[in-house]
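Convention: sequence-line order gives letters A, B, ...; per-chain numbering from 1. In this text the structure is predicted, and so the values were computed from the model without any measurement.
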Amino acid sequence: MNIVALVDCNNFYASCERVFNPALRDVPIVVLSNNDGCVVARSAEVKALGIAPGKPVYQIEDLIRKHNIRVFSSNYALYGDLSRRVMQTLAEFSPEIEIYSIDEAFLDFQGFSRRNLTAYGHEICATVKRWTGIPVSIGIAETKTLAKIANRLAKRSPKTKGVLDLSDLRWREKALAVTDVGDVWGIGGRYAKFLRTQGVNTALDLARCEEGWVKKRLSVVGLRTVRELNGIPSISMELAPPVKKQLCVSRSFGRPVTTLAEMEEALATYVSRAAEKLRRQNSAAGSVMVFMMTNRFREGPQYVNSTVIGLPVATDCTQELISYAIKGVKSIFRTGFHFKKAGVVFGDICPVSEVQMDLFDMKDREGSRRLMDAIDTISARMGKGLVRYAAEGFKQPWRTKFEKRSPRYSSCWEELAVVEAVAGCDGCEG
DNA sequence: TCTGGGGTCCTAGGACCC
DNA sequence: TCTGGGGTCCTAGGACCC
């Protein structure tokens, strides 16, 4: 029998902030999106206050003051590093693991069925907590979609102590009956609304829908979901991270951009980040799309535009990609607007080894390859951003804000956590 | 003053070809 | 008055995820 576990970190970003700062334990915490704009993560205390995810922070200033909520900018260096540690720990417990997102992983438990899976789950929770400081919950079931539901219930019910095994049929129906259709993995806001108009209100209602009808109204994706709810595995484990077909880097600006020069700097910077990602997966991009937009939430003249530049020869070389992107920027930039956000999307991505060459291509590709290797090596050894293109600008006044970021405790020498010895401390051993 | 970022997949419809 | 049929490819838009 197919058995899969979904391990999900509890309030991951908020939990990360607590790992190196015990004073934050039991204190309400929110973590903000880029530019310190919206709430993207909440501790349990904040969820209890009813603050919705995605809430713009300026709309909850009063609540923050009243309940003394601690507010943090996103600290991706910290979260990424702790995520890696959690995943490494999980890999000890199953030969097959799919890292689904920064805070979730599916473990294949096939062949484990004779064990007491609930006890095994508790052992995983305890080990991850001990080794990384991060609390996790685990849902176990025959399919990924059911494991998601099990996980959600495990988080909600204190009785489960963080682990719920739904592989027993008797429990499955009960679990589906208490799960709102909108809380099913794969059913978003639009589908949930539509399904409710059809009298489909719970996961159990959805599981009992006729397959032909589901396929017609929710496409084959919805059909897979329904089958999964009935215990038929229809979404397989992805053991290796898939090569990206599209790579995007976009950011809101810390303050409005009004000049072409600044817009070019910003785009050059984003292209540089995107090109690093591209090289990490050994790919080359065949097209570059750039876009820019004003702030749709503000009064004043609005402008949104984008342009795609097809490359004669696909490349992973930063300076070449920057030059195409700058051409795009020049073609769509207009003065007289306060730009809020811009970005770059690489498309027509193919493996570097399969790049179609051009008979009349005169570029020194071997030379650029060596340059890229050198830059990537320096960045890896000496720190990101140490070497960069002049086109990226120096002061970068438009940069995204992270004004409330905690120290990068685990990935930056200057910001390591400091432990002060206290005389007479009896908690120390040896 | 202040409203995130980065992805995937599927479908419908148009263009184009024979 | 009359206007085939079937296939492929591409793109835009819509849905979803964290």
Rounded to whole angstrom units, what separation is found between the [atom1] atom of [X] and the [atom2] atom of [N]?
X: Arg296(A); N: dC2(B); atom1: CZ; atom2: P; answer: 14 Å
X: Leu218(A); N: dG14(C); atom1: CG; atom2: P; answer: 17 Å
X: Lys244(A); N: dG7(B); atom1: NZ; atom2: P; answer: 6 Å
X: Met289(A); N: dC10(C); atom1: CE; atom2: C1'; answer: 16 Å
X: Lys55(A); N: dG4(B); atom1: NZ; atom2: P; answer: 13 Å
X: Ile102(A); N: dC17(C); atom1: CD1; atom2: C1'; answer: 15 Å
X: Tyr191(A); N: dC9(B); atom1: OH; atom2: P; answer: 15 Å
X: Asn35(A); N: dG5(B); atom1: CG; atom2: C1'; answer: 11 Å

If you measure from the P atom in dC18(C) to the same atom in dC2(B), how many Å do you get, rounded? 31 Å
Separation of the C1' atoms in dG4(C) and dC16(B), to the nearest angstrom: 15 Å
5'-most contact on DNA chain B: Pro56(A) or Arg251(A), nearest heavy atom basis?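 The residue whose closest nucleotide sits nearer the 5' end is Pro56(A).
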Give, ordered by number, those residues of residues 220-229 of chain A having at least one heavy-atom distance below 4.0 Å to an atom of DNA chain B; if nothing qualifies, reply none.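 Nucleic-acid contacts, sorted: Val220(A), Val221(A), Arg224(A).
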Have a look at Lys144(A) and say if it touches a base, only the backbone sugar-phosphate, or nothing, with a 4.0 Å heavy-atom cut-off. nothing
Is it the case that the base of dT1(B) and the side chain of Tyr58(A) share a donor-acceptor contact (distance under 3.5 Å, atom types as modelled)?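 Not at all, since no donor on one side and acceptor on the other fall under 3.5 Å apart.
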